[in-house]
Number of protein chains: 2
Amino acid sequence: MSEELEGKHGVQSLEVGMGILKAMATGKRSMMLKDIAASADMPPSKAHRYLVSLIRSGLVEQDPLTSRYNLGPFALNLGLVALDRLDRIRLGLSAITDLRDAVNETTALAVWSDNGPVIVRWERPRRPITVNVVTGTTLGVLGSAIGRVFAAWLPERQTEALIRREIESGKAPLGVRTMEDARALLAGVKARGVSVISGDYVIRGVEAVAAPVFNFKNEITLVIVLVGVEGSMDMRDDSPTLTELRQAAAALSARLGATFESAG
Amino acid sequence: MSEELEGKHGVQSLEVGMGILKAMATGKRSMMLKDIAASADMPPSKAHRYLVSLIRSGLVEQDPLTSRYNLGPFALNLGLVALDRLDRIRLGLSAITDLRDAVNETTALAVWSDNGPVIVRWERPRRPITVNVVTGTTLGVLGSAIGRVFAAWLPERQTEALIRREIESGKAPLGVRTMEDARALLAGVKARGVSVISGDYVIRGVEAVAAPVFNFKNEITLVIVLVGVEGSMDMRDDSPTLTELRQAAAALSARLGATFESAG
DNA sequence: CCGTCTATTAGAAGTGATACAATAAATTCA
DNA sequence: TGAATTTATTGTATCACTTCTAATAGACGG
């Protein structure tokens, strides 16, 4: 995930094209050319050229009526194949199922996708009322338990720009106004080993605890999270629920070859 | 889906890169450089250059131990976002859930992704023993009910190369040895309005019926399918099961603005 | 330890992406 | 309805970037 490919010779146009895709994945459901061009920071004519090729490849499709652009069928294909193939995700999927069975709460699995955290899948507990989680969309870095966990353990250079953007756009939660605030927040997460968001200002009525999973290089690769309606979970540090979460994350880390203990 | 972008100015390198991704999505789980290069029909050094950029973008990742290549986290991100955004898929997902409830059989939803059909999601019936369906992987064109439905209704130029390759590689089902055989098979599917694969040589012990869904341009955009273990479904043309399937597909087509009736 | 196989890097030659501007198409508003 | 404005698409000369060949560096197996 962090090989030094900074200086390596790649193919510029390809990276430009991926920038467009990134803009589309992060942006709204159906985008106009000028919006895509603006997000990807290039003149519309250039974006258009790239979109032609992305459409030819099936990654993007254009609504023939409105001439707006959307992600296309090949994007689906890629994602579904990746879901099926990435080892850590396979293991992660069974981990959140097991954890759901153990604690009977909503569990979810997230990866980092360099726009931010993405929920890959979630499992609902066996009870009538549950929280609904949306997969695929990119979450906030400071405003979600998952994001905070990634931000706490990822190398700072990978997250700094996103955090800065979040702060500047006012999307950061109350009380986080400077990079220093953010650093303090994340240091707290790191010290505790999990990130707890509960009954506070971040998401009304929802509480969540997220824990990191590390790979054999001791880098964070997944986040496991418990989500519930406010008051439904026992969020104290030594509660059975939190213990199960920590154990699930640690067990998964171990299976992935990690030798690192997040904290405790 | 079939705008004439043949002659338009795109960005070649981007399409080359997407060719690599296509090779990776179609190929095996973990590929070596030379295999990728071979599948994408280019020298390894070239493939390597492209892979550097694909890795930088997060679409591909490289196992640092084996230096083999896999799809990466951004591929997941894209797919999950697309799953959530494409209108027809949203409607399709609820259609297969409803159909599952109506007939209590395994149902699935597939799209065409220009390598072939891809199962997007499936729903299991409420019964102890069900067939397991894998999402994401690309199915055969002649050797699956879904593939046959797409092949029957897609314009021939989109499917011809794939069919030819399948026949030449011996992956086509018994009895299909020439393009003529294939055309005859697909004409039969078209006449019947659905494709039935049942207790024959294609997949041992599994039977399936697939029906096409059309969009407002009367192009095929989705396929809905029922899957079951051999003998578990009533596959006669006028059975309640088949009727429900046809109705579900027709209703979905109607919602997507189609005015076309597949057949009777 | 040597030979073979695979991944990665280097460096000229010429192809193809870029930017800017023009046009076409669609949308808005009077 | 028609003019004005926004948005999408196409054209073209220049120069940066990709391409190819071939060399190097690592890994693996015997």
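Note: hydrogens, waters and symmetry copies are ignored here, and every other heavy atom, side chains too, is used.
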S.K.: Name the residue closer to the 5' end of DNA chain D, choosing between His48(A) and Gln12(A) according to the nucleotide with the nearest heavy atom.
M.R.: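 It is His48(A) whose nearest nucleotide is closer to the 5' end.
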S.K.: Under a 4.5 Å cut-off applied to non-hydrogen side-chain atoms, are Asn115(B) and Phe74(A) in contact?
M.R.: yes
S.K.: Roughly, in whole Å, what's the span from CZ in Arg49(A) to C1' in dC17(D)?
M.R.: 16 Å
S.K.: So among Val149(B), Leu252(B), Leu109(B), Ile220(B), which one has a side-chain contact (heavy atoms from CB on, under 4.5 Å) with Val213(B)?
M.R.: Leu252(B)
S.K.: If you take any heavy atom closer than 4.0 Å to DNA chain D, which residues from residues 19-44 of chain A end up in contact?
M.R.: Met32(A), Leu33(A), Lys34(A)
S.K.: With no hydrogens and no angle check, do the side chains of Glu15(B) and Ser57(A) hold a donor and an acceptor under 3.5 Å apart?
M.R.: no
S.K.: Counting N and O atoms only, with roles assigned by atom type, does the side chain of Trp112(B) sit under 3.5 Å from a partner on the main chain of Pro117(B), one being a donor and the other an acceptor?
M.R.: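 A pair under 3.5 Å: no.
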S.K.: Whole angstroms only, please: what is the NE2-C1' distance between His9(B) and dG11(D)?
M.R.: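 These atoms are roughly 7 Å apart.
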S.K.: Tell me the interatomic distance from Tyr50(B), atom OH, to dT18(D), atom P, rounded to whole angstroms.
M.R.: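 After rounding, the reported distance stands at 7 Å.
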S.K.: Donor-acceptor pairs under 3.5 Å, side chain of residues 164-171 of chain A to any protein atom, not counting sequence neighbours: which ones?
M.R.:
| residue | atom | partner | partner atom | Å |
| --- | --- | --- | --- | --- |
| Arg164(A) | NH1 | Glu160(A) | OE2 | 3.1 |
| Glu166(A) | OE1 | Val141(A) | N | 3.3 |
| Glu166(A) | OE1 | Leu142(A) | N | 2.7 |
| Glu166(A) | OE2 | Val141(A) | N | 2.8 |
| Ser169(A) | OG | Arg165(A) | O | 3.1 |
| Ser169(A) | OG | Glu166(A) | O | 3.2 |

S.K.: Using atom CG of Leu14(B) as one end and atom P of dT18(D) as the other, report the distance to the nearest whole Å.
M.R.: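 In whole Å, dT18(D) P and Leu14(B) CG are 12 Å from each other.
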S.K.: Report, as yes or no, whether the 6.0 Å neighbourhood of atom CZ on Arg255(A) holds more than 12 heavy atoms from other residues, nucleotides or ligands.
M.R.: no
S.K.: Expressed in angstrom and rounded to an integer, what is the separation of Arg68(A) atom CZ from dA8(D) atom P?
M.R.: 8 Å
S.K.: How long is the line joining CG of Leu51(B) and P of dT19(D), in whole Å?
M.R.: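 Those two atoms, CG and P, are 13 Å apart.
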S.K.: Is the shortest heavy-atom distance from the side chain of Arg121(A) to the side chain of Leu83(A) under 4.5 Å?
M.R.: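 Heavy-atom side-chain distance check passes, below 4.5 Å.
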S.K.: Quick check: does any side chain N or O of Arg49(A) sit under 3.5 Å from a backbone N or O of Val11(B), one acting as donor and the other as acceptor?
M.R.: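 Side chain of Arg49(A) to backbone of Val11(B), a donor-acceptor pair under 3.5 Å: no, none is there.
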S.K.: Taking any atom under 4.0 angstrom from a heavy atom of chain B, which nucleotides of DNA chain C are the first and last to qualify, 5' to 3'?
M.R.: dT6(C) to dA17(C)
S.K.: Side chains of Leu139(A) and Val118(A): does their closest heavy-atom pair fall under 4.5 Å?
M.R.: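 Not touching, per the 4.5 Å side-chain cut-off.
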S.K.: Rounding to a whole Å, what distance do you find between Tyr69(A):OH and dA8(D):C1'?
M.R.: 7 Å
S.K.: CD of Glu15(A) versus C1' of dC17(D): gap in Å, rounded?
M.R.: 13 Å
